[in-house]
Amino acid sequence: MAGTPIGDVADAPPRLAEELAGADVVAAEDTRRLRRLTQALGVTPKGRVVSYFEGNESARTPELVEELVGGARVLLVTDAGMPSVSDPGYRLVAAAVERDVRVTAVPGPSAVLTALALSGLPVDRFCFEGFLPRKAGERLTRLREVAEERRTLVYFEAPHRLDDTLAAMAEVFGAGRRAAVCRELTKTYEEVRRGGLGELAAWAAEGVRGEITVVVEGAPERGPEEAGAEELVRRVRVREEAGERRKEAIAAVAAEAGVPKRVVFDAVVAAKNAGA
């Protein structure tokens, strides 16, 4: 597989042109976009070019694996960035590995790493969450699952859903949680907007265009003295809404906060009796 430019064609690694020219089969997410890329690079694939996208990935994978087993050199490329990262590729790699076929990569640009580098947020530990669900309820549930995640979070999002997503993040993570919205990375109109989630949600409500990557600061580490009863109850609720049983949620929150389980249990009972 090979990474392709996420915007500026000049970012294409030299080996990409070599592999495109020499592969026996080039499997491309969009053959028209591949044609534009090869023209920009000044190369002509000698091999067969086939489409490999979400709609035919399952059906075409066995065919490509048989080509590999037969000794063919198959190159997988997507529209932008590295295959398998919110793009086709995982199924083909897994199937090839299962058949003991050697798989390697031509490393290239990545929107995830580029956004992290530009965000100004801690990047020593991070996790990639891809695209959030489109439905509001499912989106909130997914966000609540990582509400206490201390690693920096990275998301992809469509521009027309960005304002709703940032508003949901502000609701779950807190309006003051730092984030960066990276738009049109490496392209002419590249923009990185940094600020609190509430501030960014208000900005996005005016309308945003282009390819979007969102980087969100991880949850702050709180000591026992910072985790008051109200905060402990909130954490338990977040876990319960994500599907955990109350007993397990209380135990997990107690471990996170460094307090006895009885303290968390009493806080939850008191909140229930108070109708909170």
Side-chain angles (χ1 to χ4, degrees), residues 1-69 72-99 101-115 128-134 154-161 182-187 190 209-214:
M1 67 172 68
T4 55
I6 59 176
D8 192 335
V9 176
D11 292 333
R15 276 185 57 207
L16 176 60
E18 297 175 15
E19 296 295 339
L20 285 169
D24 299 305
V25 180
V26 178
E29 185 177 9
D30 186 327
T31 56
R32 292 167 298 182
R33 295 185 71 161
L34 173 66
R35 189 177 307 113
R36 291 196 291 270
L37 175 62
T38 55
Q39 289 173 348
L41 296 176
V43 297
T44 302
K46 75 168 188 180
R48 184 165 56 98
V49 175
V50 299
S51 63
Y52 189 75
F53 60 100
E54 186 178 357
N56 72 355
E57 189 176 3
S58 295
R60 180 143 280 170
T61 293
E63 169 193 331
L64 294 176
V65 171
E66 291 306 318
E67 293 270 11
L68 288 164
V69 172
R73 191 174 184 83
V74 177
L75 178 68
L76 172 65
V77 294
T78 56
D79 292 345
M82 288 297 296
S84 297
V85 183
S86 281
D87 275 328
Y90 162 74
R91 287 185 178 88
L92 180 57
V93 172
V97 169
E98 189 175 334
R99 296 287 296 274
V101 174
R102 179 176 178 268
V103 179
T104 188
V106 177
S110 164
V112 174
L113 297 180
T114 303
F128 175 58
E129 289 289 306
F131 284 94
L132 286 166
R134 297 183 182 185
V154 185
Y155 295 89
F156 287 160
E157 191 50 280
H160 61 279
R161 290 196 297 270
C182 304
R183 186 179 72 85
E184 294 290 270
L185 288 171
T186 78
K187 300 176 185 176
E190 175 181 287
R209 304 174 70 178
E211 301 282 338
I212 305 292
T213 304
V214 180

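The structure displayed is predicted, hence computed values, not measured ones. Side chains included, hydrogens not; waters and symmetry mates left out as well; all remaining heavy atoms used.
E63 and R60 are joined by a salt bridge, as a carboxylate oxygen and a charged side-chain nitrogen come within less than 4.0 angstrom of each other. Salt bridge D24/R73: absent, no basic N to carboxylate O contact under 4.0 Å.
Shown here for G130 and S86, the closest heavy-atom pair between the two residues is CA-OG, 3.9 Å. Here the closest non-hydrogen pair linking V106 and P13 is CG1-CG, 4.0 Å. Looking at every heavy atom in both residues, P88 comes nearest to T78 through O-CG2, 3.6 Å. Of all heavy-atom pairs between D87 and A80, the closest is OD2-O, 3.5 Å. The minimum heavy-atom distance linking L132 with E157 is given by the pair CB-OE2, 4.4 Å. Counting all heavy atoms, side chain and backbone alike, M82 lies closest to A105 at CE-CB, 4.3 Å.
Residue T213 is tested with T114, V112, V154 for a side-chain contact (heavy atoms from CB on, under 4.5 Å); the sole match is V154. Of the listed residues (L34, V77, V9), just one forms a side-chain contact (heavy atoms from CB on, under 4.5 Å) with T4, and that residue is V77.
Within 6.0 Å of CD in E211 there are 12 or fewer heavy atoms belonging to other residues, nucleotides or ligands.
In this structure, the side chains of V43 and L41 come closer than 4.5 Å at one or more pairs of heavy atoms. By the 4.5 Å heavy-atom criterion applied to side chains, R48 and E67 are counted as neighbours.
Residues passing the ring-ring contact (aromatic ring centres under 6.0 Å, His included) test with Y90: none are found, sequence neighbours excluded. Checked against ring-ring contact (aromatic ring centres under 6.0 Å, His included), F128 has the following partners two or more places apart in sequence or in another chain: F156.
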Evaluate S51 against D30 for side-chain hydrogen bond (donor to acceptor under 3.5 Å, both in side chains), listing each step before the verdict.
CA-CA 6 Å; S51 63; D30 186 327; over 6 Å; no
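Of the possible polar contacts, none joining the E190 side chain to the R183 backbone as a donor-acceptor pair under 3.5 Å is found.
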